[in-house]
Amino acid sequence: MSEQGTDSTVTGTGEAATYDVRSVEQKWQRVWAELDPFRADDAAVTEGRREKRYALTMFPYPSGDLHMGHAEVFALHDVIARYWRFRGYEVLNPMGWDSFGLPAENAAIRNDTHPATYTYANIETQLASMKHYGLSFDWSRRLHTSDPEYYRWTQWLFLKLREQGLAYRKNSPVNWCPQDQTVLANEQVLADGTCERCGAEVTKKELTQWYFRTTHYAQELYDGLDALQDTWIGKVANAQRNWIGRSEGAHVSFDVEGHDPVTVFTTRPDTLFGTTFMVVAVDAKLADALVTDEHRAEFEAYRDDVRKATDIDRLATDRAKTGVFLGVHATNPLTGDRIPVWATDYVLADYGTGAVMGVPGGDQRDWEFATAFDLPIVRTTEPPADFEGEAYAGEGAAINSPAPGVESALDLNGLPVAEAKSATIAHLEQIAHGAGTVNFRLRDWLLSRQRYWGAPIPIVHCPACGEVAVPESELPVRLPELRGADLKPRGTSPLGAAREWVEVACPACGGPAERDTDTMDTFVDSSWYFFRFLSPNDDTQAFDPALAEAWGPVDFYLGGDEHAVLHLLYARFFTKALRDLGLITWDEPFTSYLSQGKVINNGRKMSKSLGNGIDLGAQLEQFGVDAVRLTLVFASPPEDNIDWADMSPTGSLRFLQRAWRLSGDVTSAPGTDASGGDVALRRVTHRTVAEAETLLESHRFNVVVARTMELVNATRKAIDSGPGGADPAVREAAEVVARLLSMVAPYVAEEMWDRLGHAPSVAQAAWPSVDPALLVAESVTAVVQVQGKVRARLEVAPDISAADLEALALADPVVVAAVDGREVRKVVVREPKLVNLVV
RNA sequence: GCCCCCGUAUCCCAAUCGGUAGAGGAAGUCGCCUUAAAAGCGACGAGGUGUGGGUUCGAGUCCCACCGGGGGCACCA
């Protein structure tokens, strides 16, 4: 490329040579743009010429420029992508933008512009920053979810899912954000009842909305996590399990006077003998159906009170139990007892059946309720002798099941919980009053949003035909051009006000009809973007199934913890739906998943209000891309948080300069055979490469950097106080350093590779091969322990036999002294490293 | 309350199968360089692994309990 030294500043005596960070960055960006070395070749994979690897990192939302968080995730991701290329895989490493969403809309209202203005300007800014940041993306596959060519297929997928019964519309109470003026999915409401996006308190509103039937795959989504346990970062699989919330139990059917039987879900069928009342969610239709005329006034007054209470009040778990008697009685199917039916707000209408059997002896909530309203309490599990609580929900023998002296067709007394459960379920099935079942916490995914900047739902509502799908040939349903004040939230979608857009002929009957005026949750867009990357410019289909077969599933996915349940669960749902549509054969989208930690500053999250934000641009300006990337990768294991205050980009730059200096001190010619070189250095070099392979496979990138630093130190020593820069082993070592470094600090690595006489790019170099003979040390230090205490160290051959090592150890004078004539009862030999004598 | 993860040197962190606790970096100290300082270059030390038990010839690593930190779920029956 360039002749040695022109881009480098070599300064005077006593001071070390350094390279000029900025000019090196400019130079290699030009070279990469020409070479385009990161383009993925579909044919290489479909024709089986190379093994594929699909590396994916979450595409950003285009709000402003990249920040430190992006810098970390992209730096980590690039290590894997570049490593796989080195190892000869055909690597698909695409990038795009998740470019629909509220911030663009809010900016458009503020500035009286179109959301696209903000969106596409930011995309260009981020694109330039990514290129400067030296990332090895295949830019030919760039996509934006807000492009009509993209959302056309989002709409198409919506229609396909609807055909499968996986998308449907229903009226129900939904989460409503008064700030954003839109509904939210359950997943977008935080545990404290506030909106995850804007922090406003979420309220409930009765609306007809579109849903994806995620619950159809609840069991499969849950079970699939087992197979991902070892390749997904553990906490994410755990979070998904908690979110899906599988619980095993039983449905129990209670006869109710004057009504159809009422079914409840319980995880403790064994406590049925202790059921002394039934409680129904006050806001469930069931409560309204059960209440007698005599009790209706009281019931409705209570219900009004409950409705006025906010979610935040409801979520306070230490609140006193409240409720009203509905005036009806049910029959306990085991005891035949008449039990009262109450309405309460501690039972949830949309979990299980909205009704619960009250077992005060075994459930603390029921205990509190029974105490408050003077209902009978029966223990059905024997608590330990020292138990001091109220309700007892632990292990123990069944008691009072039935009560002493009572005849019963089912007798659980004395049985442990698990056996009592299965015996009860068997009995309920026999008397046709229940069955074993599994219940999930997971709800269907509410996807309608009353906002503008998203994919319109491709449905037409016709007074004659009802819901009619927009024909595929008419996709995409494009957004009307709205800007500024037209986008202001007003409780209905801004699309509703665009009358000329809304009013269409019904695709079925041709009569006057109206478009659906909601847009899809932007999580729909990102649930399938990794499919679109396979054939991003295909205008005949969402993606090419043959390429999905060739490239899928994603081999490595890196992203943020904040998407542990939302995006990852939705993407898994879409993948299963696409499988059932026959478009793909595999059913988990991400073979391995890693989430990186956050970049914080001084122990705290970076934020404007704290004034502790670190500006990525300023860091890059000061230290250069390579040093910033190196700092982020080296800081800690990828999944841990990085406190920027603990880090030293100065130290990183110092190291990079030292590494670069090696390339100037190599005096042997390119291509020199290393086999005659200094063996000690060659051992370090080959051991480093071998270890780097293992570390990279297990994503321990920080340790790879540390090993590279060791190799640099060893090479420096060899040059200054060893065999010198002419030794071929020094060249070999420097060339390994360049390649290891290229995964983290591509600019300086290119510069080194160039100075070492290679062209055109280290990104196209081959991975160094490891000579196994050099992995075996010449001699190793064996430790001799007496009673576990180190008494002697012996230099021995690595292939020493156990017997020889034992003999050597027993003959050592220090060891003999330590044994001090005592009887050696046992000798543990782990050749070649250890001997332990037990006396 | 239930479920996961993590506690190693002043700090960030290493330590394949249980086998000499220390690789790397930062800070520090001391040199060199400098009129001086910073930067740069070179050298150096440092703890017995959160606590208490257990298993083992041998535990940072495995088991139990507790303490501390982080995360997920949560009136989910």
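Because the structure is a prediction, the values reported are computed rather than measured. We name chains A, B, ... by the order of the sequence lines, and we start the count at 1 in each one.
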Worksheet item: To the side chain of A:Asn242, which of B:G72, B:C57, B:C75 is closest?
Response: B:G72
Worksheet entry | Sugar-phosphate only, base, or nothing, as touched by A:Asn836 at under 4.0 Å among non-hydrogen atoms | base
Worksheet item: When all nucleic acid strands are considered with a 4.0 Å heavy-atom cut-off, which category describes A:Asn702: base, sugar-phosphate, or nothing?
Response: sugar-phosphate
Whole angstroms only, please: what is the [atom1]-[atom2] distance between [X] and [N]?
X: A:Asn238; N: B:G72; atom1: CG; atom2: P; answer: 11 Å
X: A:Lys833; N: B:C57; atom1: NZ; atom2: P; answer: 21 Å
X: A:Gln229; N: B:C3; atom1: CD; atom2: P; answer: 15 Å
X: A:Arg604; N: B:G70; atom1: CZ; atom2: P; answer: 13 Å

Item to complete: Using distance alone, with no hydrogens and no angle criterion, decide if A:Thr231 and A:Tyr593 have a side-chain donor and acceptor under 3.5 Å apart.
Response: no
Item to complete: Ignoring hydrogens and angles, state whether a donor on the side chain of A:Ser595 or A:Glu639 is under 3.5 Å from an acceptor on the partner side chain.
Response: no
Worksheet item: Only one of A:Trp367, A:Phe369, A:Phe254 clears ring-ring contact (aromatic ring centres under 6.0 Å, His included) with A:Phe277; which?
Response: A:Phe369
Under 4.0 Å: is that the gap between some side-chain N or O of [X] and OP1 or OP2 of [N]?
X: A:Tyr351; N: B:A77; result: yes
X: A:Lys826; N: B:C57; result: yes
X: A:Arg241; N: B:C73; result: no

Discussion item. Would you measure the distance from the P atom in B:G53 across to the matching atom in B:G45 and give it in whole Å?
Written reply: 34 Å
Worksheet entry | Base of B:A23 paired with side chain of A:Arg707 (donor-acceptor, under 3.5 Å) | yes
